[in-house]
Amino acid sequence: MGFEFKAGDGWDLAHATFYGDMSGQETMQGACGYGDLFKQGYGLETTALSTALFNEGATCGACFEIKCVDDPQWCYNGATIKVTATNFCPPDYTKTEGVWCNPPQKHFDLSMPMFVKLAYYKAGIIPVAYRRVPCIKTGGIKFEMKGNAYWTLVLVYNVGGDGDVVDVKVKGTRTNWMTMQRNWGQNWQVSMGLVGQGVSFQVTTSDGKMVESDNVVQANWKFGQTYEGRNF
C-alpha cells in the first residue's frame, strides 16, 4: 500500500513524472538560473515545477518532501524523497491529454534518479503527496557575480532554511543598501556597477528570515567568480 494522505498535516496532493535519464544531464541549467547542479551542490535531488508551483520563479530553491500515494501497483511502500526546485515544467496548450504541467495542476517533473526512488519507472506518472521542508545545505549561501561595468547580476544559490529567496539587497563599499530586482529564477540585478568595490548582501527567504553577509565579495572581484556568505 502507498502512503495514506491525511489532510491538514502539512501535506498536499499532486502528481509526478520524470525527465531525462539516470545521468541527469537534462536537468542541468534550467529556468531557475542555476548551472552545473553537481558543482552547485544540488546534484540529482532536484525537480521541475508546474506553473501552479513555480510562481514565476519565486519558488526556485525551495525544498520539498514527496511520497508516492494511493497507487499500490507502482508505489514503493514507505519511500520518500527530498528535492530542491531547480527548473520549470512548461505548460503545453497544444494538447488536451497528458498536460500535467498546465495550470492549475500541481506537478513535479523529477530527475529520473529521484522518480525511481518512489516508483517503478514504467509507471510514467504517479500520484504523490508533498510538503515544504527546510533546505539542508553544506556551507554558506553562494553569490556568483555577473553583469558588466554598468549593472550587476548575481546568482544566489545553496540557500538553506526555506530556500526560496524573495528579496536581495546589495551594498558596495561606496553605496548604501540597494534592493535588487529578480531578473529570472534566482538571478538578481541592480542597475549599478560595483566593479572595484567590496560587496555585502542581505538575503531574505519566504519565511521572512534574513541573513546578512558583510563584505563577502572582495574589492578585486571578477565577473564569473563565486563567493560564499553566511547561511540560514
Side-chain angles (χ1 to χ4, degrees), residues 6-14 30-34 37 40-42 45-66 80-88 103-104 106-108 129-147 152-172 175-192 194 198-217 226-232:
K6 296 179 181 179
D9 60 359
W11 295 87
D12 200 355
L13 290 175
C32 287
Y34 306 128
L37 299 177
Q40 293 174 338
Y42 298 106
E45 297 175 344
T46 62
T47 186
L49 302 177
S50 65
T51 302
L53 295 173
F54 190 68
N55 194 20
E56 297 182 333
T59 312
C60 289
C63 296
F64 297 88
E65 182 177 12
I66 301 174
T80 181
I81 59 171
K82 292 181 180 178
V83 292
T84 304
T86 59
N87 207 348
F88 176 50
K106 297 176 180 179
H107 190 83
F108 295 88
Y130 74 94
R131 64 180 175 182
R132 287 282 299 273
V133 292
C135 296
I136 309 300
K137 302 299 181 187
T138 301
I141 295 175
K142 304 290 181 63
F143 303 94
E144 183 181 345
M145 305 296 291
K146 300 186 280 188
T152 305
L153 182 71
V154 181
L155 171 63
V156 182
Y157 66 96
N158 199 54
V159 181
D162 256 29
D164 52 344
V165 177
V166 298
D167 184 75
V168 180
K169 290 182 173 61
V170 63
K171 180 181 182 298
T175 76
N176 296 318
W177 285 104
M178 300 175 287
T179 298
M180 305 189 80
Q181 305 299 315
R182 187 189 304 277
N183 183 300
W184 61 287
Q186 289 298 358
N187 282 286
W188 296 78
Q189 70 178 48
V190 66
S191 298
M192 178 174 288
L194 295 172
V199 184
S200 304
F201 294 99
Q202 293 178 345
V203 175
T204 303
T205 47
S206 61
D207 57 359
K209 294 181 179 178
M210 186 273 285
V211 64
E212 185 171 319
S213 298
D214 289 320
N215 296 311
V216 65
V217 178
T226 299
Y227 298 84
E228 184 172 350
R230 297 176 58 217
N231 218 329
F232 292 95

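Electrostatic pairing of Asp162 and Arg132 counts as a salt bridge here, judged by a charged N lying under 4.0 Å from a carboxylate O.
At least one side-chain heavy atom of Lys146 sits under 4.5 Å from a side-chain heavy atom of Asn187. Between Val156 and Phe201, every side-chain heavy-atom pair lies at or beyond the 4.5 Å cut-off. In this structure, the side chains of Tyr227 and Ser213 stay at 4.5 Å or more apart for every pair of heavy atoms.
Here the CE atom belonging to Met178 is positioned 11.5 Å from the CD atom belonging to Gln202, to the nearest 0.5 angstrom. For the atom pair OG1 of Thr47 and CD1 of Ile66, the computed distance is 5.5 Å after rounding to the nearest 0.5 Å.
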Pair Gln40, Glu144 - check side chain to side chain contact (heavy atoms under 4.5 Å, CB included), show working.
CA-CA 11 Å; Gln40 293 174 338; Glu144 183 181 345; 4.2 Å; yes
Show the numbers, then the answer: is there a side chain to side chain contact (heavy atoms under 4.5 Å, CB included) between Thr46 and Tyr34?
CA-CA 12 Å; Thr46 62; Tyr34 306 128; over 6 Å; no
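The shortest non-hydrogen separation linking Gln186 to Gly57 is NE2-O, 4.3 Å. For the residue pair Trp177 and Lys169, the shortest heavy atom distance occurs at CZ3-O, 3.6 Å. Residues Gly140 and Glu228 share a closest heavy-atom pair of N-OE2, 2.5 Å. Heavy atoms only, all atoms of each residue included: Phe54 and Leu49 are closest at N-CB, 3.9 Å. What you find for Arg182 and Val165 is that their closest heavy atoms are NH2-O, 3.0 Å. Closest heavy-atom contact between Asn158 and Tyr42: N-OH, 2.8 Å.
Between Phe108 and Phe64, the ring planes lie perpendicular to each other; the angle is over 60°, past the 30° to 60° tilted range.
Counting only distance, with no hydrogens or angles, the side chain of Asn231 and the backbone of Gly139 share a donor-acceptor pair below 3.5 Å.
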